[in-house]
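The next block holds one structure in the form of structure tokens; read it before the comments.
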Number of protein chains: 2
Amino acid sequence: MRHDGRLSRMLHVLLHMEEQQRPMTSEEIAGMLGTNPALVRRTLAGLREGGYVVSERGHGGGWMLGRPLAEMTLRDVYDAVGSPEIFALGLADDQPQCLVEQAVNTALRQTLDEARALLLRRFAEIRVSDLRDDFASRAAALGLNVGLSCADA
Amino acid sequence: MRHDGRLSRMLHVLLHMEEQQRPMTSEEIAGMLGTNPALVRRTLAGLREGGYVVSERGHGGGWMLGRPLAEMTLRDVYDAVGSPEIFALGLADDQPQCLVEQAVNTALRQTLDEARALLLRRFAEIRVSDLRDDFASRAAALGLNVGLSCADA
DNA sequence: TATCACGAAACAACAGAAGTTACATGAGCC
DNA sequence: GGCTCATGTAACTTCTGTTGTTTCGTGATA
Ligand code: FES
Ligand code: FES
């Protein structure tokens, strides 16, 4: 089953966006992610609706942060990209007649819900700015000056 | 993304298997699950390797429990069906050069690992027999005598 | 008005479980 | 021995949702 990389990618984009003092075009971002502009626009559209980023058209246009990274959590971003399905594991039948299967569903559902709750709770605790700080620590530890490390940059 | 129902289905099968005093054929089981015999054999093959079920060929053959339900946990069954991927969420790139993306991956991976650990811990705590007991309680609460509730039975 | 860049729709590609078909193999039964 | 039942296994198709791609429309700047 193919994985859903939208949350991962958008976090990456947001962090890079903060480093820039200018709007980033969909094409730049696409090159960064190894994909194409249309997909970038499609996914960033969700973040725009939430006010996390702002887009501008025409000359000098592109994407910019709509608010500080300290004011958005991973949970916010997760929801902004459409709250995608978390689990690949699923139930064979959601509303079975069979009592046996109902017992199976109850147990699995309960466990999955618990894991989901933990995950979303953690997401809500982590600000995107925390990732930037972690990034800064990494760079410092390696004695690097902060800059783009992208292969195509 | 399509869900992985192997764990769910095999639990269902194991519970029904215990009710029977005779081997169940792949065809019977397939009818129960709403699928076909080849898929049943394919999936049950994993459980056989773990000794959770036993298969017999020829006349009067079929599938039977290889050990009591009290001696297998959901974790055992999960592993027996091949330890399928738990999450639909994933990272865009597993080993990125970009320090920013590494920071993103670290945070996401840590959170996913935590949720996965919780899930597997719970699975290891639940015996398949616990599901049977839950099933029995349901049946009793409804004043039903235990029997097949399958539409095609 | 020419160009830039987003907006959005439409469609093909891809991955992995599920579904299906087909045939070989072995076990019982007559 | 030969027939039938049922598993064992491989090969192939179908299904579903993200991803990838193309195309055209719209607004903004120079
Ligand atoms: S991908 Fe993050 S720097 Fe290019
Ligand atoms: S499906 Fe469980 S009784 Fe038929």
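Note on naming: letters A, B, ... go to the chains in the order of the sequence lines (proteins, then strands), and numbering restarts at 1 for each one. Quick caveat, the model's predicted, so the values are computed rather than measured.
No donor-acceptor pair closer than 3.5 Å links the side chain of B/S26 to the backbone N or O of B/V40.
Mapping B/E27 and A/N36 onto DNA chain D by nearest heavy atom places B/E27 at the nucleotide closer to the 5' end.
A salt bridge links B/R109 to B/D94: at least one charged side-chain nitrogen sits closer than 4.0 Å to a carboxylate oxygen.
Distances from the side chain of B/T25 to the nucleotides C/dG19, D/dT21, D/dT7 place D/dT7 closest. When distances run from any side-chain atom of B/R42 to the nucleotides D/dG20, C/dG19, D/dT7, the shortest one goes to C/dG19. Of all nucleotides listed (D/dT19, D/dG20, D/dG8), D/dT19 comes nearest to the side chain of A/R6.
In this pair, A/F123 and A/Y78 present their aromatic rings tilted. The plane angle is within the 30 to 60° band.
Note on A/S55: every side-chain N or O is 4.0 Å or more away from OP1 and OP2 of C/dC6. OP1 or OP2 of D/dG20 lies within a sub-4.0 Å distance of a side-chain N or O belonging to A/T35. Note on B/S26: a side-chain N or O is less than 4.0 Å away from OP1 or OP2 of D/dT7.
Remark: C1' of C/dA18 and NE2 of B/H3 are 14 Å apart, rounded to the nearest angstrom. For A/L33 and D/dT21, the CG to C1' distance is 16 Å, given to the nearest whole Å. Per the geometry, CG belonging to A/L47 stands 14 Å off P belonging to C/dC6, to the nearest Å. To the nearest angstrom, C1' of D/dT14 lies 13 Å from CG of B/L39. A straight line from CD1 of B/I29 to C1' of D/dA6 spans 12 Å, rounded to a whole angstrom. Look at CG on B/D4: it is 18 Å from P on C/dA15, rounded to the nearest Å. Separating the CG atom of B/D93 from the C1' atom of D/dT18 is a distance of 17 Å, rounded to the nearest angstrom. What separates CZ of A/R48 from P of D/dG27 is a distance of 14 Å, to the nearest Å.
By the criterion of side-chain heavy atoms lying less than 4.5 angstrom apart, applied directly or through intervening Ile, Leu, Val, Met, Phe, Trp or Tyr residues, A/L120 is grouped together with B/L112 in one hydrophobic cluster. Grouping the Ile, Leu, Val, Met, Phe, Trp and Tyr side chains by contacts below 4.5 angstrom, directly or via other members, places B/M10 with B/L65.
Counting side-chain heavy-atom gaps under 4.5 Å among Ile, Leu, Val, Met, Phe, Trp and Tyr, the cluster of A/L118 also holds B/L118.
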Exercise for the section: Would you mind building the protein contact string for nucleotides 22-30 of chain C? One character per nucleotide, 5' to 3', B for base within reach (heavy atoms under 4.0 Å), S for sugar-phosphate only, - for untouched. Expected result: ---BBBB--
Handout entry: Evaluation steps, side chain to side chain donor-acceptor pair (under 3.5 Å), between A/S137 and A/D134
Key = CA-CA 5 Å; A/S137 313; A/D134 178 40; 5.0 Å; no
